[in-house]
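Notes for the one structure printed next.
Naming: A, B, ... by sequence-line order, numbering from 1 per chain. Computed from heavy atoms alone, side chains included, the values below leave out hydrogens, waters and symmetry copies.
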Amino acid sequence: MIGPEQLAPVVRDALDRAGLPDRAPTFERPRQREHGDWSTNVALTLAKPVGRSPRDIAQAIIDHLGTVDGVHEIDVAGPGFINFHVARDALGDVVRQIVTAGAEWGRSQRASGAVNVEFVSANPTGPLHMGHGRQAAVGDALANLLEAVGWDVTREYYFNDAGRQMRLFSDSVTAVSRGEEPPEDGYHGAYISDVVDEIERDGGTDDLGEAAYERILGRITGTLDAMRVHFDVFFGERALHPDGVAKALAALGDHVYTADGATWLRTTSFGDDKDRVLIRSDGEPTYFAADCAYMADKFSRGFDRLIYVLGSDHHGYIKRLEAIADAFGYDRDRIEIVMHQFVNLFRGGAPVRMSKRTGEMVTFDELLEEVGTDAARYTFLRYSRDVPIDFDLEAVVQADRANPVYYVQYSSARIAGIMRTAHEAGLQPSNIDDADLALLDTDAEQELIRVLSTYPEVVALAADERAPQRIARYAERLAEHFHRFYTECQVVGDDRDLSTARYWLVVAARQTLVNALGLLGVTAPERM
RNA sequence: GCGCCCUUAGCUCAGUGGAUUAGAGCAUCUGACUACGGAUCAGAAGGUCGGGGGUUCGAAUCCCUCAGGGCGCGCCA
């Protein structure tokens, strides 16, 4: 469909012919449908320098535009906007374009380079919980989006398998295996004895802590599999000791100093609130030291950019991470923190208590089992990262219009239903070039096509803003327009040519829905 | 105390590339089943975009400020 690329040069020519100063016009999608498909405010921006009224300028531009291919109508509106209405028959081309592009529809090469997306990164000392679930969904969808616009993406999971916490975990497991209480500040959950029993049943081990750690990591990857999240790299902190950390400290050079028996990084030089300890006075390196070595490791692997997906409780790390990058001398723009708010669990409007102590905690595994992967992922992804999510176990499985997951998936099932009916009726066109897509001329069809045509813009914006919810909201808008089309237009009918044209429109709608939901990691079911 | 985020319709939330009459779902009210899945559709009603200043021809959107709410500020991990 015609867009800014075609309209901009035409408008510039008109500016020239109208004797107006040259200016690169910007175009936007008007909010109001009556304002057409594209709009430019170029006349408004010229009003001041030219000293004429915006509407007057707009009219002058239009007078010199002449006719524009694919545009049906151009008018001046409001304070001086020039609105372009795309020709109805031009919309058929959109359908053809979508069907031809298939799975590539909406993807682009607007970005390039290698990006590392680190997310979840929960330590394998216990099962994943709700917060990790949102993190998994957001991180994975973000990775999908980045791939869709041309990035070469690596999904990475980092975990601490060294240091004090690891020893504490090991001690806890060992205590439990002897029938004793874990240390006060150790790990107490029921899963500890589960894992211990499991190991003993399988013939024991000579390193219980290690074996338990591996088992829990295995459980976590199992949960992630169920979530359809697959990492390219699982990176254990141990790989950074001692060489990586030593090299990192050396590379940090003058920014490192000793005081009070400890070794510090002068992060305050780079905007942090206080300096951070690298090596404690007892000689033990902190996790912060490992974080430094880890960043250096990532960059050494050739990434152009590092993205850290973090829960809002970690926002204090932003300055710290940026300070590390600065201290190493990396361009700060090459690291990016993508934050998201937390998740509150409800059941039928009542909060579900979450307590590690009492074991009332709902693990993410249990949640997935109860609501399913599609509902979980979709619910985590349809909200802006900036708002906390109230995740209601009942509302999320509710099967009606109130639940957007089902609303969207139902449109997918309906599409599949049409396909089945069409095939039974012998309607199964193989070549879209033979179809007369200009027959798609009802309002419902035209509006559906218009929504379809904006998909690539939505993907680009969602990727740029790291905003997966834009894809979810788009899918809802698409479903809405499809349902209306479904209600008003019979696809499989007596008029063969019309049926064929509508068949292709349905194919295009399905393709777009599949592509959009695919970015979210949600399925487009054929039956429900 | 400092920092980050949030405050938009009765409720839950979009919209924050400045711009033409601020959107959706739920709830409320009125309609649509002799056609491909009514798990749907059409319509009505509902908002001084937390308050107050400012920038701009134009602000939900940018800046300042105040008020509420969430989170974070370790030689913890």
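Applying a 4.0 Å cut-off to non-hydrogen atoms, the residues of residues 481-489 of chain A that approach RNA chain B are H483(A), R484(A), Y486(A), T487(A), C489(A), listed by residue number. Near RNA chain B, meaning a heavy atom under 4.0 Å away, the residues from residues 262-275 of chain A are A262(A), W264(A), K274(A). For the contact set between residues 409-419 of chain A and RNA chain B, defined by any heavy atom under 4.0 Å, the members are Y410(A), A413(A), R414(A), G417(A), I418(A).
By the side-chain contact (heavy atoms from CB on, under 4.5 Å) test, Q490(A) is found to be paired with no residue, residues two or more places apart in sequence or in another chain being considered. With sequence neighbours excluded, the residues that form a side-chain contact (heavy atoms from CB on, under 4.5 Å) with R450(A) are R33(A), D37(A), L91(A), Q446(A), E447(A). With sequence neighbours excluded, the residues satisfying side-chain contact (heavy atoms from CB on, under 4.5 Å) with E214(A) are E210(A). With sequence neighbours excluded, the residues satisfying side-chain contact (heavy atoms from CB on, under 4.5 Å) with I318(A) are H315(A), E322(A), I337(A), M339(A). Partners of Y383(A) by side chain to side chain donor-acceptor pair (under 3.5 Å), not counting sequence neighbours: none found.
Both thresholds, 5.5 Å between centres and 30° between ring planes, are not jointly met by H315(A) relative to the base of rC71(B), so the two rings are not stacked.
Side-chain contact of D374(A) with Q409(A): a donor-acceptor pair under 3.5 Å is present, judged by distance alone. T442(A) and E445(A) share a side-chain donor-acceptor pair at under 3.5 Å.
Annotation: salt bridge (charged side-chain N to carboxylate O under 4.0 Å, His left out) contacts involving residues 459-481 of chain A, sequence neighbours excluded, comprise R110(A)-D464(A), E336(A)-R466(A), R382(A)-E476(A), E465(A)-R470(A).
Taking side-chain N and O atoms only, Q32(A) has no distance below 4.0 Å to OP1 or OP2 of rA22(B).
When all heavy atoms are compared, the tightest approach of S411(A) to L513(A) is OG-CD2, 3.4 Å.
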Strictly under 3.5 Å: I want the nitrogen or oxygen pairs between protein and nucleotides 13-17 of chain B, one per line.
unit_1, atom_1, unit_2, atom_2, d
rC13(B), O2', R473(A), NH1, 3.4
rC13(B), O2', R473(A), NH2, 2.7
rA14(B), OP1, S384(A), N, 2.8
rG15(B), OP1, Q469(A), NE2, 2.8
rU16(B), OP1, R470(A), NH2, 3.3
rU16(B), OP2, R470(A), NH2, 2.3

Review item, nucleotides 25-27 of chain B N/O atoms under 3.5 Å of protein N/O:
none

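With hydrogens and angles ignored, a donor-acceptor pair closer than 3.5 Å exists between the side chain of S281(A) and the base of rC75(B).
Considering only heavy atoms from C-beta on, Q428(A) comes within 4.5 Å of Y503(A) through its side chain.
Close placement of the F270(A) and H255(A) rings is indicated, their centers lying within 6.0 Å of each other.
The neighbour count for H241(A) NE2, taken as heavy atoms of other residues, nucleotides or ligands under 6.0 Å away, is above 12.
When the P atom of rG72(B) is taken as reference, atom CZ of R320(A) falls 13 Å away, rounded to whole Å.
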For this session: Convert the base pairs of RNA chain B into dot-bracket notation, remembering that pairs crossing earlier ones are written with [ ] and that bases paired across to another strand are shown as |; include only Watson-Crick or G-U pairs under 3.5 Å.
Result: (((((((..((((.........)))).(((((.......))))).....(((((.......))))))))))))....

